[in-house]
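Just so it is clear: chains get the letters A, B, ... in the order the sequence lines come, proteins before strands, and each one is counted from 1. Worth knowing before you read on, the calculation uses all heavy atoms, side chains too, and leaves out hydrogens, waters and symmetry mates.
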Amino acid sequence: MKKLKVDQTTTLLYQVIMKAMNSSSRPTGGWSQGLLAAMNNPEVVIDSDDQLVVIKDKYPKALFHFLVLPKRNIPNLKSLTQKDLELLKHIHKKGEEIANRANKELRFRLGYHAVPSMSHLHMHVISQDFNSPCLKNKKHWNSFNTHYFIDSVDLIREIEKTGHWKSDQAEMNAFLKKDLRCHVCKEVFQTIPSLKAHISLHDVTKHHDSSSS
DNA sequence: GTTCTAGAAC
DNA sequence: GTTCTAGAAC
């Protein structure tokens with residue numbers, strides 16, 4: 001068989017598969033419902049209780065990257081009220097526990113993406129090394145290192161104060177387009193590879209004075 | 001959320 | 001020529 005023919009067949013086959021995978025009409029709901037599937041998959045759940053589930057992020061953007069999800073379906077940040085405060089605090093506490101269990105030296109951040117791609121409210125628990133082959137593009141970086149990433153403590157404080165979370169979606173998405181800036185020293189880089197090479201030199205352990213490096 | 005790839009950037 | 005990004009995926 002001619003090589004060209006094989007390539008064409010492969011491409012076609014791929015396209016058919018991708019179409020099936022992405023279809024929102026399939027029973028499981030497609031990729032945006034992936035967390036619901038993960039929550040109910042014992043193979044990826046690392047912890048749970050009556051109110052929440054903890055899973056490992058399927059494409060970790062750092063050495064340690066977990067998601068804490070409420071069992072009760074909460075679609076997004078907008079749907080939170082003061083009635084959810086206890087749950088939010090419980091999720092936060094579990095996140096701290098998971099981080100401490102994973103690695104006691106590394107600095108972690110606990111928080112939410114302003115405009116998440118995946119359905120079902122989920123709090124990221126992510127170590128600040130950002131040392132991962134899955135971290136590939138500007139959106140990945142900026143979603144964890146701009147105000148697009150909402151610290152769990154800030155969210156809880158806002159819900160306590162105003163009873164809800166309100167943010168402009170277009171404004172939030174604009175953060176994803178910002179310059180690539182080192183989260184430790186704030187230096188700007190032109191490419192993802194140069195940024196990643198740079199951040200690998202920073203000490204991101206707890207109690208380390210980052211202003212001196 | 002990822003994959004893939006055209007073409008921009010170097 | 002190679003690296004890297006950015007947008008489509010019906």
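- Residue His122(A) has no polar side-chain atom (N or O) positioned under 4.0 Å from OP1 or OP2 of dG1(B).
- Using a 4.5 Å heavy-atom threshold, the side chains of Leu110(A) and Val68(A) count as separate.
- Lys78(A) NZ: 12 or fewer foreign heavy atoms inside a 6.0 Å radius.
- In this structure, His90(A) NE2 and Leu85(A) CG are separated by 14.5 Å, a value rounded to the nearest 0.5 Å.
- Nucleic acid contact for Lys58(A): none, since no nucleic acid atom lies under 4.0 Å from a heavy atom of the residue.
- For an aromatic pair to be called close, the ring centres must be under 6.0 Å apart, and His65(A) with Phe144(A) satisfies this.
- In this structure a side-chain-to-backbone donor-acceptor pair under 3.5 Å is missing from His147(A) to Phe175(A).
- A salt bridge is defined here as a Lys NZ or Arg NE, NH1 or NH2 lying under 4.0 Å from an Asp or Glu carboxylate O, and Arg101(A) with Glu97(A) meets this definition.
- Checked by atom type and distance alone, the side chain of Asn145(A) pairs as donor or acceptor with a backbone atom of Trp141(A) at under 3.5 Å.
- Distance CD (Gln33(A)) to P (dG1(B)): 14 Å, rounded to an integer number of Å.
- Rounded to an integer number of Å, the gap from NZ of Lys139(A) to C1' of dA8(C) is 14 Å.
- Residues Ile192(A) and Leu176(A) do not share a hydrophobic cluster, defined by chaining ILVMFWY side chains whose heavy atoms lie under 4.5 Å apart.
- Stem regions annotated for DNA chain B: B:2-10 with C:1-9, counting only runs of 3 or more consecutive pairs of Watson-Crick or G-U type with both contacts under 3.5 Å.
- Between Lys89(A) and Glu86(A) there is no salt bridge, since none of the side-chain N atoms of the basic residue sits less than 4.0 Å from a carboxylate O of the acidic one.
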Please tabulate, one pair per line, each protein N/O and nucleotide N/O from nucleotides 3-6 of chain C that are separated by under 3.5 Å, including the distance.
residue : atom : partner   : partner atom : Å
dT5(C)  : OP1  : Ile192(A) : N            : 2.6

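- Phosphate contact (OP1/OP2 of dG1(B), side-chain N/O of His140(A), threshold under 4.0 Å): absent.
- Ionic pairing of Asp151(A) and Arg109(A) is present here: one or more N-O contacts between side-chain nitrogen and carboxylate oxygen are shorter than 4.0 angstrom.
- In this structure, His124(A) and Phe149(A) have tilted ring planes: the angle between them lies in the 30° to 60° band.
- Residues from residues 36-44 of chain A that place a heavy atom under 4.0 Å from any atom of DNA chain B: there are none.
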